[in-house]
Amino acid sequence: MLRRTTLKFTAALAAVSLLPSGAFAEMPASVDKPVTINFYNYNLASASAGADATKELIAGFEKKFPNIKVETVAVPSNEIMARVQAGIVAGKQPDVAQLVFRDLIYIASDLGANALEDMVDANELKEQLTGMIPQGLELGKVDGKTYGLAYTFSTPILFYNADLFKQAGLDPDKPPRTWDDINVAGKTIKEKTGKNGFFPGAYGPTDGTFVYQSIVMSNGGKVRDGNKLTFADKDAADAVKMLRNLVDSGAHAKIDPASASDTFAAGNMGMFLYTSALLSSVKKSAQGKFELRLAPMPSFGDKPTAPTNSGSALFVFSKDPDKQRASYELLKYLTSKEAYTIITSKIGYLPLRLDIVDDPNYLGPWLKENPMFRANIKQLDRLTANIAFPGPNYRQVEKMMMDGVREAVFGSGDPVEALKSAQEQGQDLMP
């Protein structure tokens, strides 16, 4: 079971006393007086990440709840966890924060996030969660309780440039289905057009882990089993060896991982496997340059793919009952049918309420105009949780793993040995 511990913030000696789970005064049933809450949000920090759509969501919420004022704190995704930690250490606890799933265990065990089951009446919570996909809801649970409510969410999708396919003599109506197909198409595009063939956003530095885990788990591997690291075991290592083979064949581009999305958006890459959250920005970049299309992530032969989740959950840290109610109303609104219509159509994240997909009052009209997005929706039935690491050193362990993966894929040595070395170092830091 989880236990509340003392928060260690970088090298600082400051400590935060956290309330035990369930130690809340009863939350009121409604907001009957003015309340101000703060909301740490990373989509607001970037236009390409959906800043305008998020502002629209906040405005809609405040119009519906005139007694609630939301003070937004826009922080880039790679900095938001540190900002939340800093606020807690300084005694300025966030009310609501949008944080990524990789931090889930630490948020629940060390940062004092509220379990919704401890904060909200069971019947009210059940009513709110009805209609959301169960796989998504499970991703925010620790020890059977919901600490993070799934919010902005995506799986890896294959973006491809139909014009480069045509120039290379490939049929854009028959996109690659398997990794063998990716190898053939990538090499052909490189040889026939001189442009990059393929690149997966699987190497970080901060947000590629879910793509890497999707590839590994689609081959039957996983990155850990309990507290034992397993990313160098055979099935996981074979998936990475496949990527190394793509590099060696010329199908896989040798570029800086940080430049991959810009390279694709500029029309200089045939295929890019990454989060569907880029859809809105890539569509804008591609307009007038090339025909953008989408396809499901490729498979290892006939094995079913295991697309893992990227994106975020909403966490409530408020201890004040009035702010808890206001915070929960914000969570309810941001995961409503109306909100997911905006989130999907204007940002590109998946709708976690599938009953809105063909509803003419919600996503139905948009999907008729954007049928290629259905390739991403179809992957939800095979959704596999992105595995977080336990313990206070979880970020260091993840970094060691990803450093090993990059060395295995792009280095000159034995890829399996690179993974084994990283795994041995990471295991020393596991609880």
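Each of Phe165, Trp179, Tyr274 was scored for a ring pair (Phe, Tyr, Trp, His ring centres under 6.0 Å) with Phe198, with one residue passing: Trp179. Just one residue in the list Val75, Thr54, Val73 forms a side-chain contact (heavy atoms from CB on, under 4.5 Å) with Leu44, and that residue is Thr54.
Taking the six-membered ring where tryptophan is involved, the planes of Phe315 and Phe317 are tilted, since the angle between them lies from 30° to 60°. Using bins of under 30°, 30° to 60° and over 60° for the plane-to-plane angle, the ring pair Phe199/Phe272 lands in the tilted bin.
The pair Asp302-Arg177 does not count as a salt bridge, with every side-chain nitrogen at least 4.0 angstrom from each carboxylate oxygen. A salt bridge is absent between Lys346 and Asp52; no separation between the charged side-chain nitrogens and carboxylate oxygens falls under 4.0 Å.
Counting only N and O atoms by type, the side chains of Gln128 and Thr335 include a donor and acceptor under 3.5 Å apart. A side-chain N or O of Asn370 and one of Lys283 form a donor-acceptor pair less than 3.5 Å apart.
Side-chain contact between Lys55 and Thr72 is absent, with no heavy atoms from C-beta onward closer than 4.5 Å. Contact annotation: the side chain of Thr305 never approaches that of Phe300 to less than 4.5 Å [non-hydrogen atoms, C-beta and beyond]. The side-chain heavy atoms of Ser261 and Phe159, taken from C-beta on, include no pair separated by under 4.5 Å.
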Using atom types as modelled, flag every donor-acceptor pair under 3.5 Å from a side chain in residues 232-243 to any protein atom, sequence neighbours excluded.
residue, atom, partner, partner atom, Å
Lys234, NZ, Asp238, OD2, 2.6

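Under the side chain to side chain donor-acceptor pair (under 3.5 Å) criterion, the residue pairs touching residues 386-395 are Asp103-Tyr394, Asp103-Arg395, Gln213-Asn386, with sequence neighbours excluded.
Counting heavy-atom neighbours within 6.0 Å of Lys303 NZ, excluding the residue itself, gives a total above 12.
In this structure a side-chain-to-backbone donor-acceptor pair under 3.5 Å is missing from Arg353 to Asp355.
Ring centroid separation for the pair Phe153 and Tyr349 does not come in under the 6.0 Å cut-off. The six-membered or imidazole ring of Tyr106 lies away from that of Phe389, with a centre-to-centre distance of 6.0 Å or more.
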